[in-house]
Amino acid sequence: MRTGYAFLAALSLSLTQCASANFYLTDKWVGEDFFEGWTWETENDPTHGRVNYVGQAEALMKNLSYADSDTFVMRADDWSIVDPSARGRDSVRISSQSAYDEAIFVLDLAHMPAGCATWPAFWSLSQQGPWPAGGEVDIIEGVNLQGQNQATLHTTPNCTMPPDAQRQPQSGTTLSTDCNTAVDNNSGCGVSFTASGPSYGSAFNMNGGGYYAMVKSRSLGIQVYFWPRDSIIVPPEIRDCGSGGGSLYPDYFSWGLPAANFPMCSGYCDYDEHFNAHQMVFDLTFCGDWAGNTWPGSVCQTVTNDTCVNYVNNNPSSFSEAYWVVNSLRVYTPATSS
Ligand SMILES: *[C@@H]1O[C@H](CO)[C@@H](O)[C@H](O)[C@H]1NC(C)=O
Ligand SMILES: *[C@@H]1O[C@H](CO)[C@@H](O)[C@H](O)[C@H]1NC(C)=O
Ligand SMILES: *[C@@H]1O[C@H](CO)[C@@H](O)[C@H](O)[C@H]1NC(C)=O
Ligand SMILES: *[C@@H]1O[C@H](CO)[C@@H](O)[C@H](O)[C@H]1NC(C)=O
């Protein structure tokens, strides 16, 4: 551990972007708290998934959302065959009624949806829009049997990420650098979490989940951090959901490397031009623009020998792992907002 910290210290000295800031606990949801301050959205999935998002009353009645004092669960229907004429498989999409400009979101997650045809995401979105004005930050996202998480920004034109040499440090691997939604079929500027432990899908779940933190700040830029449940270097203020987590001071000394680092660098991306106050969203769709478009030729297609949509319609029990278990979600904001 000592060697690790020395290594991190050396890295932090080489940072040009070394401003830091204190953030204070502003909002916190545990268990039944989620039934207030969040909206169960029922619109047609904008990403064209084979899904039927249900409202809160229906989700409670069908037990697709439930909570006890410690955990909050959102899941898909895993018992019904879906009629081809129906909108899709019942699932849940919720968004926070509050939006936050500069903030840190800390998610303690025990389980995420996993398996063929699934496309879960925990993300943030401009409450002002219209999309993509004000930006989108995908914190947790993936499809099908993907092994590691991907974090991605989606923006209006003229927001790009600098070359890795200027962008470092991050532990993940840059997938693309143009965040403009009009480029490359809206793939965004993404980072794959290559070196930060089991961050996605069934490997994440078997490890008991873990902790995600997303920093969104004018001075720090945007970062996504991940610590697996069993990591020995989870910062105490991230691990502790109680009074110990009253304030956060993100820095590479105590937090280690972010898995994904999206700096707001002059000449590349200007925070105020592309980002504003974001609400948080959890969703779980099936097939659609990503899980469906990458289905042909995938292991899932080979194993199921079916189209993605038919698979979703006809195999309810295959969705028994398609659920979120949230231990807590905390939001921290700076003392003075600019
Ligand atoms: C909801 O589903 C969970 C998980 O299957 C189960 O433990 C719980 O008893 C169910 N609640 C109701 C009211 O059916
Ligand atoms: C973009 O999506 C369309 C429709 O799904 C597809 O035909 C096309 O090949 C995609 N282009 C790229 C560059 O991926
Ligand atoms: C793009 O953004 C940079 C700052 O990041 C700015 O210097 C430049 O003028 C912008 N270009 C356009 C066309 O908006
Ligand atoms: C795959 O499905 C097609 C038709 O749905 C069937 O003809 C074929 O035999 C199946 N292949 C395997 C390996 O099961």
Side-chain angles (χ1 to χ4, degrees), residues 29-42 49-95 107-122 140 143-145 200-210 229 241 282-288 291-329:
W29 291 268
V30 176
E32 284 147 7
D33 297 347
F34 278 92
F35 293 113
E36 303 223 340
W38 292 75
T39 302
W40 270 244
E41 297 181 348
T42 57
R50 184 73 190 141
V51 72
N52 181 48
Y53 286 130
V54 301
Q56 192 192 74
E58 188 174 351
L60 286 167
M61 189 185 70
K62 293 181 170 171
N63 201 21
L64 299 176
S65 299
Y66 56 92
D68 58 26
S69 55
D70 296 327
T71 59
F72 170 63
V73 177
M74 291 166 281
R75 62 180 182 143
D77 175 326
D78 68 353
W79 61 88
S80 304
I81 302 252
V82 178
D83 191 280
S85 68
R87 190 163 70 151
R89 178 163 295 285
D90 284 355
S91 181
V92 171
R93 171 175 167 136
I94 65 171
S95 62
L107 177 68
D108 178 347
L109 187 65
H111 189 281
M112 74 168 69
C116 287
T118 62
W119 175 5
F122 170 61
I140 302 177
V143 296
N144 298 322
L145 303 177
Y200 190 81
S202 53
F204 173 90
N205 295 336
M206 283 188 292
N207 199 43
R229 179 74 55 200
C241 188
F282 287 92
D283 69 39
L284 166 58
T285 188
F286 307 101
C287 309
N293 288 2
T294 55
W295 181 271
S298 70
V299 172
C300 286
Q301 186 196 39
T302 306
V303 168
T304 64
N305 188 34
D306 211 340
T307 65
C308 191
V309 166
N310 285 344
Y311 177 70
V312 170
N313 288 349
N314 299 324
N315 297 280
S317 64
S318 299
F319 296 90
S320 61
E321 285 295 307
Y323 65 96
W324 300 94
V325 181
V326 177
N327 289 336
S328 66
L329 175 61

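FYI, the numbering just counts along the sequence from 1. Both ligands and their constituent atoms are indexed starting at 1 by order of listing.
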Practice task
Report the relative orientation of the aromatic rings in Phe34 and Phe72; use parallel for angles under 30°, tilted for 30 to 60°, perpendicular for over 60°.
Solution key: parallel
Problem - Closest non-hydrogen atom pair, Ala117 against Trp295 - result: N-CZ3, 3.5 Å
What is the closest protein heavy atom to [atom], and at what distance does it sit?
atom                   : answer
atom 4 (C) of ligand 4 : Asn305 ND2, 4.8 Å
atom 7 (O) of ligand 1 : Tyr66 OH, 4.8 Å
atom 8 (C) of ligand 1 : Asn63 ND2, 3.7 Å

Nearest protein heavy atom to [atom]: under 4.0 Å?
atom                    : value
atom 2 (O) of ligand 1  : yes
atom 11 (N) of ligand 1 : yes
atom 14 (O) of ligand 4 : yes

Handout entry: For ligand 1, the portion of Arg75 having any non-hydrogen atom under 4.0 Å away
Key = side chain
Exercise for the section: Show the numbers, then the answer: is there a side chain to side chain contact (heavy atoms under 4.5 Å, CB included) between Leu329 and Trp38? Expected result: CA-CA 12 Å; Leu329 175 61; Trp38 292 75; 3.5 Å; yes
Exercise for the section: Assess the side chains of Ser95 and Glu41: does a donor N or O sit below 3.5 Å from an acceptor N or O? Expected result: yes
Fill in the blank from the handout: Test side chain to side chain contact (heavy atoms under 4.5 Å, CB included), reference Trp324, set Thr71, Leu284, Val73, output is Leu284
Practice task
Taking the six-membered ring for Trp and the full ring for Phe, Tyr or His, determine whether the centres of Phe282 and Trp40 are under 6.0 Å apart.
Solution key: no
